[in-house]
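Following: one structure in structure tokens, then a few remarks.
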Amino acid sequence: MLRVAEIDRIERTLEEMFPDAFCELIHQNPFELVVAVALSAQATDVLVNQVTPGLFAAYPTPSDLATAPVAAIEEKIKRLGLYRNKAKNIKALAERLITLHEGEVPTDRVGLEALPGVGRKTANVVLSVAFDVPAFAVDTHVERVSKRLGICRWKDNVTQVEATLMKRFKRERWSKLHHQFIFFGRYHCKAQRPNCLECPLLDMCREGKKRTKGTTIPVD
DNA sequence: ATCCCGAGGG
DNA sequence: CCCTCTGGAT
């Protein structure tokens, strides 16, 4: 278990490296956000952003999307992985917004997670980004970074990682930290070839020390 | 635990 | 070629 001082240092370092971390998925409203996040599973947000403008232009409202043929939706998002499931899901999602929520995106966790293609992670993103409800969404980057830095254990599942993050960081910081973890994981502590040699946290990172063992560490 | 599944990097 | 990308449903 990391010391409080180490947790604070991680928080300060991320704030210095990525003071302006934000949600990079293009969206104009909660409807577009929930669809974009649902489409982002196992896909880079760069690719999602190449697809969603055309999708939202063709289907601006839940009603438009709900009445669209699945095949037409598939064609719009074909460049994404898992596109058949995603097309079916977002159509059903739009249908459910109409039938159960008067065409609006629900603002509570239960309503969100009942939407097709929306699980814990997507619900957390929508809650924090669209509705300013404190939540700590754990995706592949957040999980990898948390485990490498030793915030949680390697064997922890996503639920345990989220619980630990919420326990160790202040509630007011959850949403911003989520995006800072994402940026840190995406651009610095990458899955492949992480930039350990230039990492300000290297001296407190077991994984980083392991990876840089035998290599020369620059002493600016 | 397994399936879904395309694009991009190395 | 292999790995990864802001996962979810069964």
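Protein chains get the first letters and strands the later ones, always in sequence-line order, with residue 1 at the start of each. What you see is a predicted model, and the numbers here were worked out from it, not measured in a lab.
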Applying side-chain hydrogen bond (donor to acceptor under 3.5 Å, both in side chains) to A/E207 and not counting sequence neighbours gives A/R211
Between CD1 of A/I77 and P of B/dC5 the distance, given in whole Å, is 11 Å
Ordered by number, residues from residues 143-162 of chain A within less than 4.0 Å of DNA chain B (heavy atoms) are none
By nearest-nucleotide position on DNA chain C, the 5'-leaning member of A/H179 and A/E113 is A/H179
The complete set of side-chain hydrogen bond (donor to acceptor under 3.5 Å, both in side chains) pairs with one or both residues in residues 125-152 of chain A, sequence neighbours excluded, reads A/H141-A/R144, A/E143-A/K147
Output side-chain donor-acceptor pairs under 3.5 Å for residues 53-64 of chain A, partner residues at least two apart or in another chain, one line each.
| residue | atom | partner | partner atom | Å |
| --- | --- | --- | --- | --- |
| A/T61 | OG1 | A/S63 | N | 3.4 |
| A/T61 | OG1 | A/D64 | N | 3.1 |
| A/T61 | OG1 | A/D64 | OD2 | 2.9 |
| A/D64 | OD2 | A/T61 | N | 3.2 |

May I have the list of side-chain donor-acceptor pairs in residues 182-195 of chain A shorter than 3.5 Å, sequence neighbours left out?
| residue | atom | partner | partner atom | Å |
| --- | --- | --- | --- | --- |
| A/R186 | NH1 | A/E24 | OE1 | 2.1 |
| A/R186 | NH1 | A/D45 | OD2 | 3.3 |
| A/Y187 | OH | A/E24 | OE1 | 3.1 |

Sequence neighbours excluded, the answer for side-chain hydrogen bond (donor to acceptor under 3.5 Å, both in side chains) partners of A/E11 is A/R173
The reported gap from CZ in A/F181 to CD1 in A/I151 (rounded to nearest 0.5 angstrom) is 4.0 Å
Polar pairs (N or O, both sides) under 3.5 Å between protein and nucleotides 6-10 of chain B?
| residue | atom | partner | partner atom | Å |
| --- | --- | --- | --- | --- |
| B/dG6 | O4' | A/L80 | O | 3.3 |
| B/dG6 | O3' | A/R79 | O | 3.4 |
| B/dG6 | N2 | A/Q42 | O | 3.4 |

Ring pair (Phe, Tyr, Trp, His ring centres under 6.0 Å) filter on A/F131, not counting sequence neighbours, yields none
Tell me which donor-acceptor pairs under 3.5 Å the side chains of residues 105-119 of chain A have, and how far apart each pair is, sequence neighbours excluded?
| residue | atom | partner | partner atom | Å |
| --- | --- | --- | --- | --- |
| A/D108 | OD2 | A/V110 | N | 3.4 |
| A/D108 | OD2 | A/G111 | N | 2.8 |
| A/R109 | NH1 | A/E113 | OE2 | 3.2 |
| A/R109 | NH1 | A/N124 | OD1 | 3.0 |
| A/R109 | NH2 | A/N124 | OD1 | 2.8 |

Using the P atom as the reference point in each nucleotide, state the distance between B/dC3 and C/dT6 in Å, no decimals. 24 Å
- prompt: Would you call A/E16 and A/R12 a salt bridge, taking side-chain N to carboxylate O under 4.0 Å as the test?
  reply: no
Contacts of A/K155 meeting side chain to side chain contact (heavy atoms under 4.5 Å, CB included) (sequence neighbours excluded), chain-then-number -> A/R153
Per nearest nucleotide of DNA chain C, the residue lying toward the 5' end, A/L115 or A/F22, is A/F22
**Message:** Roughly how many Å apart are C/dT10 and B/dC5, using the P atom of each and rounding to a whole number?
**Reply:** 15 Å
So the contacted stretch of DNA chain C, first to last nucleotide with an atom under 4.0 Å from a non-hydrogen atom of chain A, runs from C/dC3 to C/dA9
Next on the checklist: Classify A/V118 by what it touches in the nucleic acid, base, sugar-phosphate, or nothing, heavy-atom distance under 4.0 Å.
Outcome noted: sugar-phosphate
Original post:
A/L33 near the nucleic acid: base, sugar-phosphate alone, or nothing, with a heavy-atom cut-off under 4.0 Å?
Top reply: nothing
Sequence neighbours excluded, the answer for side chain to side chain contact (heavy atoms under 4.5 Å, CB included) partners of A/L82 is A/Q42, A/K86
